[in-house]
Amino acid sequence: MKPAVVRMSELALRGKRVLIREDLNVPVKDGRVTSDARIRAALPTLRMAAEQQAAVIVMSHLGRPKEGVFDPAASLAPVAAALSRLLGRNVPLVRDWLSGVDVAPGEIVLAENVRFEVGEKADDPELARRMAALCDVFVMDAFGTAHRAQASTSGVARFAKVACAGPLLVAELEALGAALEAPRRPVAAIIGGAKVSTKIEVLRALAARVDELILGGGIANTVIAASGAEVGRSLVERDMVGFAKRLLGGEFGSAAIPLPTDVVVAEGLDADAKGRVTDLAGVGANDMILDIGPETAAAYSARLGAAGTIVWNGPVGVFEHAEFAAGTKTISEAVAASGAFSIAGGGDTLAAIEQFGVSEKISYISTGGGAFLEFLEGKRLPAVAVLEERAAAKGA
Ligand code: 3PG
Ligand code: MG
């Protein structure tokens with residue numbers, strides 16, 4: 001898919017003030033960035049702009065702080081440090097940036113957390129105008145936040161003199177578009193994770209689009225419960241069982257939904273919990289299903305091996321615990337070994353991919369979590385919609 005937006009790569013940036021929205025919302029612990037994947041994904045865009053002698057101001061959010069108060073725990077200081085290290089140059093963090101930022105051509109500065117500003121979440125036009133006034137060109141590059149219509153993602157793009165899509169955003173839209181619009185078949189989707197309720201829309205959309213829907217985690221438990229099997233004390237969303245029955249019944253589409261034939265159970269999930277492999281009939285009233293079993297993992301792997309396209313969001317077990325990691329490990333290795341065009345997204349999925357060392361063998365790793373899911377749901381991402389409207393108005 002070629003998104004109908006103006007691209008940063010088409011513009012002459014020399015000497016221009018360029019405001020770039022990135023998603024540098026990364027995990028931070030004790031003042032240090034613990035996974036810099038999103039920061040690394042933004043580097044080519046920042047380098048490209050600075051090399052062209054643009055004066056670069058970078059905006060991002062971090063966490064969900066209260067608007068109107070500075071909270072050191074949500075400061076972008078650790079991100080500025082990581083950016084400086086990765087770029088091999090000093091990237092100053094500017095605390096009061098809305099009234100104007102001192103930045104020379106070829107330099108990069110980072111504006112403090114946009115979510116400290118009153119009106120960011122509500123996409124306040126006044127705030128968006130002040131952001132737009134900082135620059136000649138606004139670059140939306142934050143795919144991970146493109147599902148949020150906020151001042152720094154959406155409003156600013158309406159008011160900036162020029163608004164365009166950055167290379168990371170374009171790459172994400174093209175990769176995900178390729179997997180959904182004219183994919184090599186069969187298409188397999190792996191949807192795992194704890195909660196069904198947050199994934200209903202994506203399951204509904206994928207059931208109609210993909211050939212195989214491979215489920216894991218709490219979602220699989222709920223579907224197993226819907227099939228009538230015992231799930232003991234497993235994480236199940238009881239009020240989603242009705243939805244799961246409709247999904248299994250093919251109401252939303254013709255995707256095959258294979259059920260696990262064996263699982264790994266335990267009576268607890270503390271550090272010294274021991275897993276027991278059993279077929280589904282052997283799940284007891286006190287058991288919790290915490291992973292798919294080896295027979296199921298092998299069957300799923302065979303399906304993934306035959307796939308032309310794979311979309312993956314969510315682990316199939318509690319992979320953070322060694323006893324319940326085998327299913328997710330086998331699945332990640334199957335995705336890696338498959339000749340399919342494979343796309344993975346979401347924080348837990350990326351952590352699993354890193355843990356099992358298969359990053360290099362996934363065709364495309366998305367920086368999006370919620371945005372990745374909304375794209376799969378077929379929703380229009382609001383921050384992309386504004387860029388399309390600006391491009392259309394320019395062409396008209
Ligand atoms: C994310 O990590 O999902 C994005 O950065 C968006 O963050 P949000 O869910 O707090 O809007
Ligand atoms: Mg989120």
Side-chain angles (χ1 to χ4, degrees), residues 19-39 41-42 57-84 91-103 108-135 138-160 169 193-195 197-198 346-348 350-351 367-374 379 381-384 386:
L19 176 64
I20 306 181
R21 175 58 156 104
E22 292 291 354
D23 186 333
L24 307 178
N25 184 32
V26 291
V28 172
K29 206 178 165 217
D30 303 327
R32 295 182 71 92
V33 171
T34 54
S35 166
D36 61 6
R38 279 180 165 175
I39 303 179
I57 306 166
V58 184
M59 290 194 290
S60 177
H61 72 285
L62 182 69
R64 294 176 178 173
K66 195 166 171 266
E67 291 187 356
V69 267
F70 175 78
D71 171 7
S75 167
L76 281 172
V79 172
L83 257 184
S84 300
V91 178
L93 177 66
V94 186
R95 172 103 167 243
D96 293 308
W97 51 277
L98 257 182
S99 304
V101 180
D102 235 355
V103 51
I108 304 174
V109 302
L110 178 63
E112 186 54 283
N113 195 339
V114 290
R115 289 191 179 166
F116 290 153
E117 303 302 331
V118 175
E120 164 64 7
K121 271 204 308 253
D123 195 3
D124 173 53
E126 224 21 73
L127 177 61
R129 276 201 183 86
R130 292 184 72 188
M131 290 173 177
L134 295 172
C135 67
F138 169 68
V139 180
M140 174 59 186
D141 204 35
F143 174 73
T145 329
H147 60 316
R148 306 282 182 225
Q150 300 180 341
S152 69
T153 59
S154 173
V156 58
R158 262 180 238 292
F159 299 119
L169 178 61
K195 282 194 154 176
S197 44
T198 57
D348 290 340
L350 302 204
T367 55
F372 180 77
L373 284 176
E374 290 200 13
K379 287 206 184 117
L381 303 175
V384 177
V386 179

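Only heavy atoms go into these numbers, but all of them, side chains included; no hydrogens, no water, no symmetry mates. Bear in mind that the values here come from a model prediction, so they are computed numbers and not experimental data.
To the nearest 0.5 angstrom, L98 atom CG is 5.5 Å from L127 atom CG. In this structure, NZ in K66 is found 10.5 Å from CG in D71, a value given to the nearest 0.5 Å. Taken to the nearest 0.5 Å, the CD atom of E120 stands 7.5 Å off from the CE atom of M59. Note that CG of D124 and CZ of R129 are 9.0 Å apart. Values are rounded to the nearest 0.5 Å. Atoms CZ and CD, on F159 and E126 in that order, are 8.0 Å from each other to the nearest 0.5 Å. I20 contributes atom CD1, which lies 7.0 Å from atom CG of D141 (distance to the nearest 0.5 angstrom).
Nearest heavy-atom pair, I57 versus A111, reported as atom, atom and distance to 0.1 Å: CG2-CB, 4.5 Å. Closest heavy-atom contact between L19 and C135: CB-CB, 3.6 Å. Nearest heavy-atom pair, S75 versus L62, reported as atom, atom and distance to 0.1 Å: O-CD2, 3.3 Å. Nearest heavy atoms, A149 versus P382: CB-CB, 3.9 Å. When all heavy atoms are compared, the tightest approach of V33 to A82 is CG2-CB, 4.1 Å. Considering all non-hydrogen atoms of both residues, V28 and T34 come closest at N-OG1, 4.3 Å.
Between V114 and Q150, every side-chain heavy-atom pair lies at or beyond the 4.5 Å cut-off. Looking at heavy atoms from C-beta onward, L76 lies in side-chain contact with S60 at the 4.5 angstrom threshold. Contact check for R148 versus S154: no side-chain heavy atoms found under the 4.5 Å cut-off. Counting only heavy atoms from C-beta outward, the side chains of T367 and D23 never approach each other to under 4.5 Å. Counting only heavy atoms from C-beta outward, the side chains of K379 and H147 never approach each other to under 4.5 Å. Side-chain contact between P65 and F70 is absent, with no heavy-atom pair separated by less than 4.5 Å. Taking 4.5 Å as the limit, some side-chain heavy atom of E112 sits within range of a side-chain heavy atom of L93. Side-chain contact between W97 and E117 is present, with heavy atoms from C-beta onward closer than 4.5 Å.
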Test side chain to side chain contact (heavy atoms under 4.5 Å, CB included) applied to S35 and V26, step by step: CA-CA 6 Å; S35 166; V26 291; 6.0 Å; no
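Each of L24, N25, T153 was evaluated against H61; a single residue qualifies, N25, per the side-chain contact (heavy atoms from CB on, under 4.5 Å) test.
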